[in-house]
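Remember, it's a predicted structure, so these values are computed and weren't measured experimentally.
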Amino acid sequence: MRSADVMPGTATREFPLRDASRSAFPLLRGSGTGVIQQYDPQRVGADDNQYYGSFSSTGNFGTLPPYRLRGHDYPVGRVLYGGNGAEESPDPSFVRMLAAQGYQRPIALDTAWLGVGHIDEFLSFVPARNALGWAAVVADPDLGRKLLSDLAEDGRGDEPLVHGVPAQDTEDPGLTVAGALRKDSLSRGTEIARRGIDAALRTLRDRAGLTERDVVRVPALFNELELPAGYPRQGVVANYLPAAANGVSTGTGVYLAPRQHAPEAGGADVFEQAVEKALEGTGTRVAWVEDWDYAHSLGTVGGEVHCATNTVRGLTGTRPWWTERD
């Protein structure tokens, strides 16, 4: 399924969609695998593409795992995407195409508070030993700040915030743990992200019956972006350190997560320790993937493993919904 992302400044009527998404045809299409694309051609050349186009990226689409709630059964889960029903939303024709399949009624989570606007910046899912059979991996900015505060209280506030990356390859060379706690944009980012994530969880509680027992909270640091005057989207954030929630569940009990590059304690990354502990109860093992150079800091505004990955899923264990109708 090709992204309906229209790229600002490069889209033409002949080549309207993001160049990178063309790879769906030569790389993924083949024996037993087809590719479709759905988009509104009226969006090509629209003025708002400069500000809102990325909401149609497939990093902004996912699947809520199978569940049953209030007499409704979703044996193949539900489509989940980010948008607020206004400009900060994916191509409406693409969403209608997904809804028209009839089995995975889409649910929208407001992601307008994010600079890129993708759900994978704060949310993913893993199998779990609970009543649902799965859990939501959710970024927790308060937990991220607490881990830094603990380090500062232990007298380690002068240590670099980013570990294992040359200072010149970081956004704020020389930023320390104590400095991060004082940094206004990180403080404001925490407040913005907390409100946005709490709102998303309220939607999931209402629409999917999610409870706090079904949530795995992992540390995160959100930074309010500095945007040009007159830019129509202000007060938005991005992950400052690689986002552990922006990972891929392999279906084998292993979760691929980006290396955190947070400060160390006792020879171990404090954020990575917290993530492993949080996921331990689900029966999930974390495999850490280095993505700082090619995803996190390379023009993706805090993109990670999920942002840069296509995952092909096997469907042999599911009911073939495309051959049946209610």
Side-chain angles (χ1 to χ4, degrees), residues 1 3-5 36 38-40 52 54-114 116-128 130-140 192-218 236 243 245-249 251 306-307 311 313 315 318-319 321-322 325-326:
M1 190 177 301
S3 163
D5 199 357
I36 64 171
Q38 170 68 45
Y39 67 97
D40 179 0
Y52 307 121
S54 190
F55 284 89
S56 288
S57 296
T58 48
N60 195 31
F61 289 85
T63 306
L64 199 62
Y67 71 98
R68 181 191 297 267
L69 180 68
R70 296 190 284 268
H72 295 283
D73 188 17
Y74 300 99
V76 290
R78 296 179 71 174
V79 172
L80 197 66
Y81 71 92
N84 64 0
E87 291 91 347
E88 295 94 345
S89 295
D91 184 325
S93 73
F94 187 87
V95 176
R96 287 196 299 271
M97 179 269 294
L98 296 177
Q101 307 312 305
Y103 284 90
Q104 295 177 291
R105 293 169 51 199
I107 298 174
L109 302 178
D110 189 350
T111 54
W113 52 278
L114 287 158
V116 175
H118 296 178
I119 57 171
D120 65 5
E121 296 175 77
F122 70 94
L123 176 67
S124 60
F125 300 96
V126 295
N130 59 11
L132 281 175
W134 51 269
V137 181
V138 179
D140 188 335
I192 294 168
R194 181 194 301 119
R195 292 194 299 268
I197 292 168
D198 284 349
L201 289 176
R202 286 195 296 271
T203 299
L204 291 176
R205 282 195 290 269
D206 178 59
R207 305 291 293 278
L210 200 71
T211 70
E212 189 59 33
R213 295 188 302 274
D214 309 313
V215 174
V216 175
R217 294 183 179 270
V218 295
V236 296
N246 195 329
V248 173
S249 181
H306 188 278
C307 298
T311 304
R313 304 291 187 184
L315 299 175
T318 66
R319 178 167 60 96
W321 68 91
W322 58 88
R325 287 291 181 267
D326 292 337

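- The ring of F61 has its center closer than 6.0 angstrom to the ring center of F94.
- Residues satisfying the ring pair (Phe, Tyr, Trp, His ring centres under 6.0 Å) criterion with F122, sequence neighbours excluded, are W113.
- The two residues I107 and T203 have their closest heavy-atom pair at CG2-CG2, 4.1 Å.
- Counting only residues at least two apart or in different chains, side chain to side chain donor-acceptor pair (under 3.5 Å) contacts with residues 130-140 comprise N130-D214.
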Practice problem: Decide yes or no on side-chain contact (heavy atoms from CB on, under 4.5 Å) for T63 and V79, but give the supporting numbers first. | Solution: CA-CA 5 Å; T63 306; V79 172; 5.7 Å; no

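- Taking every heavy atom of both residues into account, V216 and A135 meet most closely at CG2-CB, 4.0 Å.
- Of the possible donor and acceptor atoms, one in the side chain of N60 sits under 3.5 Å from a partner among the backbone N and O of I119.
- At a cut-off of 3.5 Å, with distance as the only test, a side-chain donor of Y67 or R78 sits close to an acceptor on the other residue.
- Taking every heavy atom of both residues into account, P90 and G82 meet most closely at CD-O, 3.3 Å.
- Judged by distance alone, with hydrogens and angles left aside, the side-chain atoms of S56 form a donor-acceptor pair with the main-chain N or O of D91 at under 3.5 Å.
- Inter-residue side-chain proximity for L132 and T211 is flagged as unmet; no heavy-atom pair is nearer than 4.5 Å.
- Summarising the geometry, atom CD belonging to Q101 is positioned 13.5 Å from atom CZ belonging to R96; distances are rounded to the nearest 0.5 Å.
- Defined by atom type and a distance below 3.5 Å, a donor-acceptor pair is present between the side-chain atoms of D5 and S57.
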Taking only distance into account, with no hydrogens and no angle test, what donor-acceptor pairs under 3.5 Å do side-chain atoms of residues 192-200 form with protein atoms, sequence neighbours excluded?
residue : atom : partner : partner atom : Å
R194    : NE   : D142    : OD1          : 3.3
R194    : NE   : D142    : OD2          : 2.8
R194    : NH1  : E191    : OE1          : 2.6
R194    : NH1  : E191    : OE2          : 3.0
R194    : NH2  : D142    : OD1          : 2.6
R194    : NH2  : E191    : OE2          : 3.4

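- Closest approach of Y39 and A4 over heavy atoms only: CB-CB, 4.0 Å.
- In this structure, the separation between OG on S89 and OH on Y81 is 6.5 Å, given to the nearest 0.5 Å.
- Within the 4.5 Å cutoff, side-chain heavy atoms of N246 are placed close to those of C307.
- The two residues A112 and N84 make their nearest non-hydrogen contact at CB-ND2, 3.6 Å.
- We find the CD-CG distance between E212 and L201 to be 7.0 Å, quoted to the nearest 0.5 Å.
- Side-chain contact between T58 and M1 is absent, with no heavy atoms from C-beta onward closer than 4.5 Å.
- Considering only heavy atoms from C-beta on, I36 comes within 4.5 Å of M97 through its side chain.
- Put simply, the side chain of V137 does not reach to within 4.5 Å of the side chain of L123, judged on heavy atoms.
- Scanning all heavy atoms of the two residues, the minimum distance from S54 to H118 falls at O-NE2, 2.7 Å.
- Rounded to the nearest 0.5 angstrom, L109 CG and L80 CG are separated by 4.5 Å.
- Each of R68, R105, Q104 was compared with Y74 under the side-chain hydrogen bond (donor to acceptor under 3.5 Å, both in side chains) criterion, and only R105 meets it.
- Side-chain polar atoms of S124 and H306 form no donor-acceptor pair below 3.5 angstrom.
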